[in-house]
Amino acid sequence: MNGLIDRNKRWEDDDRKYLWHPFTQMKEWLEEPPLIIIEGRGNYLKDAYGRWYLDGVSSLWCNIHGHRRKEIDDAIKEQLENIAHSTLLGLSNVPAIELAEKLVQITPKGTDSSAFSLQPSALTRVFYSDNGSTTVEIAIKMAFQYWQNKGQRGRTAFLSLNNAYHGDTIGAVSVGGIEIFHSAFKPLLFPSYRVPSPYCYRCELGLSYPSCAMGCLEQMEELLKKNNNVIAAVIIEPVVQGAGGMIVAPEGYLKGVCELCTKYNVLLIVDEVATAFGRTGKMFACEHENVSPDIMCVAKGITGGYLPLAATITTEEIFNAFLSEYTEFKTFFHGHTYTGNPLACAAAIVNLEIFEREKTLEHLQPKIALLSERLKPLNNLPLVGEIRQKGFMVGIELVADKETKTHFPAGERVGLKVIKSARENGLIIRPLGDVIVLMPPLSVTEEEIKRIVEIVGEAIRKLKVESGK
Ligand code: PLP
C-alpha cells in the first residue's frame, strides 16, 4: 500500500514538475495533486489509486464503443504484426485504402440537394491527417486552392460563425469565434467574415425563435450577397456548435446554410469533428438535414477514440480541380508525417464495423430518449438556465439568475465546482465555462445514463447550497 502511495505521489509530483496541460491554467493545476488515469474498461476509467469513474465525456468527445474493446484492441495488435507506420507520401498502405473506401460509402449523399450546382455530388475523396485542427486546416487550404486552381483568384476569404470552434492551429483559429480562446491571437490570424451564431437562448439579434424566422440566416445571406465573389467557403459545425457551449441550431438552419452556399456559389465546409460517428444520433450530423457538403472534416471518434486520425473528405469536383500537368503546380502541397497511419486506420475500420455489426445507431435511439427524459427535471433547478441536447451531446448552461440569464462572474468557477463534485461521486466530466457538458460513449448503458444525470443533478443542487443561492 505504501509502495502504491509512494508511486502515485511520485507521478503527481512529476506531472506538476514536467507537464504543461492543454487549456489549463497551470497556476491552479499546481495547487492540487492531479487525477492520473491508468486504465479504462468499457465506459469506465480507473485512477492510480484504483478508483473507477464513469467516462461522462468520452475522453474528450472521442470514445465511441467503450475502452478496451476487444475487436479494436485485436485489430491494432494484428496491424502491429505487419507494420506500425509507413508514409502516404509516395507510397500507400492497405488500412488507409480500405478505410477510405468505407468512409466514402457512409458519408452523406444529401439526396435532397441534387438540384444544387455545388452540393449535389457525394463525398468521394479522402485526405488523411491526425487531429481535428489539421483536418480543418486542410479543408481551408483545399477550398482556397480550389478557387485558385479554377482561376478565381479573388476568392480568398472565409465565412464562419460566432461561437465557432474549429481547433487551435492558426487557420482554424482564424475561423473560430470564441473570444476567450481566440482574441489573444488576433494579430496572427487571417481576416474572416463572421455572422451570428444560432444561439437562440442568447440571440445576438435580440429575436426569439421561431418568430424570428431564423434572422441569423438572413444576416448570412446579406453578407454572402455582398461578398460572395471574395469568399471561398462557409465553414460550420453542423447542428451543434460544440466548444462554443453545445449550442444546438434550430431545425432547418443547416439546410438553410447549405442552400445559401449554393445560391451564392461558395463552398460549404462542415466540421463534423465533434458531431460525427453517431454523437448526434445519426452517423453524421449533416444527415439530420440531408445536407451533403463540399468538404467534410472528421476526427475524434473516427478510431473509436483509440488513436489520433482525421480525414478531410471532399467531392470529385474539388479533387478534379487539382489535376494538371505537374508544371502547372496545381498539386495540393500539404501532408503530415503520420498521414494515413496504418495502426490508426486499422482501428477506424473496426470502429465502423462495430457500428454495422452491433447496430449501434439503432440501439442508441432509446438511450437518447432516456437521457432527455432524465434531464428534463433538471430544468427546474434554480441555477439551470437552459439544457441543450442533440443525441448524446448535452450542454447544461448554469446561470446566476434564471430570469435575466445573468452569467456567474468568471472567478466563481461554477463549472469547475460542479465537475469536481461529480468526480467525488465517480463521474468524470469537463465543463465549457459554466456549461456542463455530458457526452458519454455510445456504449453507455441505461443504468449508467441514469447515474450520470443523478450525479450531475446532485452536483448542481449542492452548488446552490455552497454559493448560498
Ligand atoms: N473542430 C471541432 C468542431 C471540435 O470540436 C474540435 C475539438 O474539440 C476540433 C475541431 C479540434 O480538434 P483537435 O482537438 O483534435 O485538434
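Index from 1, following the sequence. Please read all numbers here as calculations on a predicted model, not as lab measurements.
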Quiz prompt | Salt bridge Glu373-Lys376, side-chain N to carboxylate O under 4.0 Å | solution = no
Quiz prompt | Arg413 with Glu28: basic N within carboxylate O range, under 4.0 Å | solution = yes
Quiz item: Any donor-acceptor pair under 3.5 Å linking the side chain of Asn341 with the backbone of Tyr338?
Solution: no
Quiz item: Heavy-atom count around Glu353 CD within 6.0 Å, excluding the residue itself: above 12?
Solution: yes
Quiz item: Parallel under 30°, tilted from 30 to 60°, perpendicular over 60°: which one fits the rings of Phe158 and Phe190?
Solution: tilted
Quiz item: Sub-3.5 Å donor-acceptor pair from the side chain of Lys402 to the main-chain atoms of Leu381, do we have one?
Solution: yes
Quiz item: Is the closest basic N to carboxylate O distance between Arg69 and Glu358 below 4.0 Å?
Solution: yes
Exercise. Please state whether the rings of His21 and Trp29 are parallel, tilted or perpendicular, taking 30° and 60° as the class boundaries.
Key: tilted
Quiz item: Do NZ/NE/NH1/NH2 and the carboxylate oxygens of Glu39 and Lys46 come within less than 4.0 Å?
Solution: yes
Exercise. Verify the ring-centre separation between Tyr306 and His67: is it less than 6.0 angstrom?
Key: no
Quiz prompt | Heavy atoms of other groups near Phe333 CZ, more than 12 under 6.0 Å | solution = yes
Practice problem: Can you establish whether the number of heavy atoms outside Lys9 located under 6.0 Å from its atom NZ is more than 12? | Solution: no
Quiz item: With the threshold set at 4.0 Å, does a side-chain nitrogen-carboxylate oxygen contact exist between Lys450 and Glu447?
Solution: yes
Quiz item: Do the non-hydrogen side-chain atoms of His334 and Ile138 ever get within less than 4.5 Å of each other?
Solution: yes
Quiz item: Any ion pair linking Asp74 and Lys70 (charged N to carboxylate O, less than 4.0 Å)?
Solution: yes
Quiz item: Between the main-chain N or O of Ile295 and the side-chain N or O of Thr314, is there a donor-acceptor pair closer than 3.5 Å?
Solution: no
Quiz item: Taking side chain as C-beta onward, heavy atoms only, is Leu80 less than 4.5 Å from Leu343?
Solution: yes
Self-check item: Side-chain donor/acceptor of Ser443 to backbone N/O of Gly66, under 3.5 Å
Solution: yes
Self-check item: Residues Glu356, Lys102: salt bridge by 4.0 Å N-O rule
Solution: yes
Quiz item: Tyr201 ring centre to Lys405 NZ or CZ under 6.0 Å, with the angle to the axis within 45°?
Solution: yes
Quiz item: If only atom types and distance count, is the side chain of Gln241 paired as donor or acceptor with the main-chain N or O of Asn162 below 3.5 Å?
Solution: yes
Quiz item: Would you call Glu32 and Lys420 a salt bridge, using N to O less than 4.0 angstrom?
Solution: yes
Quiz prompt | Backbone of Gly281 reached by a side-chain donor or acceptor of Gln365 within 3.5 Å | solution = yes
Practice problem: Mind telling me whether Phe23 and Phe181 have parallel, tilted or perpendicular rings, with 30° and 60° as the class edges? | Solution: perpendicular
Exercise. Using a strict 4.0 Å threshold on nitrogen-to-oxygen distance, state whether Lys186 and Glu179 make a salt bridge.
Key: yes
Quiz item: Between Arg388 and Met246, is there a donor-acceptor pair closer than 3.5 Å when you use the side chain of the first and the backbone of the second?
Solution: yes
Self-check item: Heavy-atom side-chain proximity of Pro196 to Leu205 below 4.5 angstrom
Solution: yes
Exercise. Measure from the side-chain N and O atoms of Ser372 to the backbone N and O of Leu370, and report whether any donor-acceptor pair falls under 3.5 Å.
Key: no
Quiz item: Under 3.5 Å, side chain of Lys300 to main-chain N/O of Leu60, donor-acceptor pair present?
Solution: yes
Quiz item: Got a salt bridge between Arg374 and Glu454, using NZ or NE/NH1/NH2 to carboxylate O under 4.0 Å?
Solution: no
Practice problem: Assess whether atom CD of Glu251 is packed by more than 12 heavy atoms of other residues, nucleotides or ligands within 6.0 Å. | Solution: no
